[in-house]
2 protein chains.
Amino acid sequence: MAERIADHLRKALEDEIVTGRLAPGTRLDEVSLATRFDVSRTPIREALHQLSTSGLIELRPRRGAIVTPVTTEDLVEMFETMAEMEAVCGRLAARRMTDDERRGLLDAHEACRLAAETEDIELYYERNVDFHRVIYTGSQNGFLANEVRQLRRRLQAYRRLQLRVRGRMSSSFAEHEAIVEAIMAGEEVRAEEALRAHIMIQGERFNDLLMSVNSLKKSGE
Amino acid sequence: MAERIADHLRKALEDEIVTGRLAPGTRLDEVSLATRFDVSRTPIREALHQLSTSGLIELRPRRGAIVTPVTTEDLVEMFETMAEMEAVCGRLAARRMTDDERRGLLDAHEACRLAAETEDIELYYERNVDFHRVIYTGSQNGFLANEVRQLRRRLQAYRRLQLRVRGRMSSSFAEHEAIVEAIMAGEEVRAEEALRAHIMIQGERFNDLLMSVNSLKKSGE
DNA sequence: CCCCACAAAATTGTATACAATAGAATATTG
DNA sequence: CAATATTCTATTGTATACAATTTTGTGGGG
């Protein structure tokens with residue numbers, strides 16, 4: 001395995017940020033990280049620089065790195081962008097998916113149904129990711145698919161929470177149903193709208209969640 | 001000026017790649033760059049790593065960096081993605097632009113007209129960038145606006161050529177006209193479609209250009 | 001003449017040493 | 001005592017030294 005340490009570090013840190021183990025605002029100083037991973041500062045720096053270009057951390061000259069603090073406004077914007085991009089993928093997929101890919105979509109949908117029925121949140125989460133990936137690929141635009149995947153990954157920390165919201169899993173599955181129907185029928189506009197709505201709902205649910213947490217905090221003071 | 005050398009290098013290289021001075025496939029070895037910019041390898045490496053995350057160069061472990069070779073297929077995909085994202089901006093802008101921003105759009109449009117009338121390609125290029133930026137901002141989604149700007153920048157090398165295609169400047173301006181009308185009237189769908197078409201045409205023109213270059217090459221052999 | 005093995009050279013990956021700067025702590029002065 | 005100037009410390013930015021690996025070049029065998 002010819003993997004560079006720096007790449008390994010990037011992935012490790014990426015993972016910790018994206019899953020929320022490293023909270024936004026956390027300071028990342030090079031020597032601590034170096035001792036923690038038992039390497040020199042050099043690969044640490046490279047990893048940090050890479051993370052800064054993908055926006056996960058902020059790198060202020062001479063002042064070190066912090067995990068990018070994401071305001072609720074940022075999140076709303078990111079969810080909206082996500083919704084629009086997925087919608088585009090859906091429209092293109094409805095027009096372009098091959099027969100094989102359409103079968104794959106049905107399979108992915110079935111896998112979601114199974115996970116939803118057993119009410120296994122972790123499993124549904126995985127299957128849901130697969131389901132959406134099939135649609136990205138179906139757009140026949142590898143560049144677009146890649147961009148959307150990156151954005152989804154970036155929002156990962158905030159999405160996992162959502163499925164825990166009461167009843168979210170089954171309504172998510174119901175929304176998938178509409179998406180599948182539209183794509184299978186080749187109805188571009190309907191596919192686009194169904195996907196946009198599907199993602200936006202999650203943004204809204206997430207906002208609800210945030211609001212309730214905030215009001216709890218305030219009343220607790 | 002507290003700018004890091006690494007950042008300066010990144011910008012310099014970015015510029016050379018994006019303007020085409022550094023052709024796709026060019027090998028970038030660290031020592032040459034270090035001597036050329038008269039710095040050590042350390043900041044060079046940081047710049048290269050950053051460029052690799054934004055996709056401008058490919059960084060193969062232990063095998064150095066090359067300017068990402070972009071196939072025509074890649075370009076088609078990138079132009080399509082660009083068209084779709086600009087279309088989204090246009091739709092949102094038609095719905096959300098403030099009165100001030102609408103005035104700004106008219107101003108930017110007028111500036112394009114002036115440049116088009118004097119047939120100053122460089123000037124039109126600048127004004128055109130401004131025009132589109134106004135629309136990005138008008139979407140009221142800073143995250144989306146930023147993503148589109150980045151993509152536009154990445155396609156910069158290939159776009160500048162287009163305006164040289166016979167008559168492209170005046171038809172570009174005519175297309176702007178349709179976009180402005182739709183946005184000013186708040187007609188979301190029309191704005192979306194006009195923008196998508198506007199960008200896609202450039203992708204197609206670019207393809208034509210490439211084809212002709214390729215056939216020239218072949219007949220010359 | 002081609003192919004493979006092996007050695008040499010060039011190049012990248014990592015560690016460490018040194019320089020420069022920002023922020024904290026302390027001293028100084030009105 | 002407050003405000004400001006000044007040192008001091010911690011941390012980042014850069015250079016260089018060393019290790020590891022890929023690529024290149026050369027020679028022998030088929």
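Lettering follows sequence order; numbering is per chain, from 1.
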Would a 4.5 Å heavy-atom cut-off, applied to side chains only, mark [X] and [Y] as touching?
| X | Y | answer |
| --- | --- | --- |
| B:Met85 | A:Leu144 | no |
| B:His132 | B:His176 | yes |
| B:Val39 | B:Leu33 | no |
| A:His198 | A:Ile179 | yes |

Rounded to the nearest Å, what distance is computed from the [atom1] atom of residue [X] to the [atom2] atom of nucleotide [N]?
| X | N | atom1 | atom2 | value |
| --- | --- | --- | --- | --- |
| A:Arg60 | C:dA22 | CZ | P | 13 Å |
| B:Ile5 | D:dT12 | CD1 | P | 18 Å |
| B:Glu30 | D:dT16 | CD | C1' | 14 Å |
| A:His8 | C:dT14 | NE2 | C1' | 15 Å |
| A:Glu46 | C:dT14 | CD | C1' | 9 Å |
| B:Leu33 | D:dT14 | CG | P | 16 Å |
| A:Arg41 | D:dG13 | CZ | P | 8 Å |
| A:Glu58 | D:dT12 | CD | P | 15 Å |

Exercise. Choosing from C:dT11, C:dA22, D:dT12, which nucleotide comes nearest the side chain of B:Val31?
Worked result: C:dT11
For this session: Measure from the side-chain heavy atoms of A:Thr42 and tell me the nearest of C:dT11, C:dA15, D:dA15.
Result: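 Among the listed nucleotides, the one closest to the side chain of A:Thr42 is C:dA15.
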Problem set entry | Side-chain N or O of A:Arg62 closer than 4.0 Å to phosphate OP1/OP2 of C:dA22 | no
Exercise. Closer than 4.0 Å, any side-chain N/O of A:Arg63 to the OP1 or OP2 of C:dT21?
Worked result: no
Problem set entry | Atom pair CG/CG of B:Leu22 and B:Leu28 - distance to nearest 0.5 Å | 6.0 Å
Problem set entry | Residues that A:His49 engages under ring-ring contact (aromatic ring centres under 6.0 Å, His included), provided they are two or more places apart |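 Scan of A:His49 (ring-ring contact (aromatic ring centres under 6.0 Å, His included), adjacent residues dropped) gives none.
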Exercise. Starting at the 5' end of DNA chain C, which residue's closest nucleotide do you reach first, B:Arg27 or A:Ser40?
Worked result: B:Arg27
Restricting both atoms to N or O, compile the protein contacts to nucleotides 5-9 of chain C shorter than 3.5 Å, with distance only.
none

Exercise. Which atom names give the shortest non-hydrogen contact between A:Arg154 and A:Ser54, and what distance separates them?
Worked result: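 Residues A:Arg154 and A:Ser54, closest heavy atoms: NH1-O, 3.7 Å.
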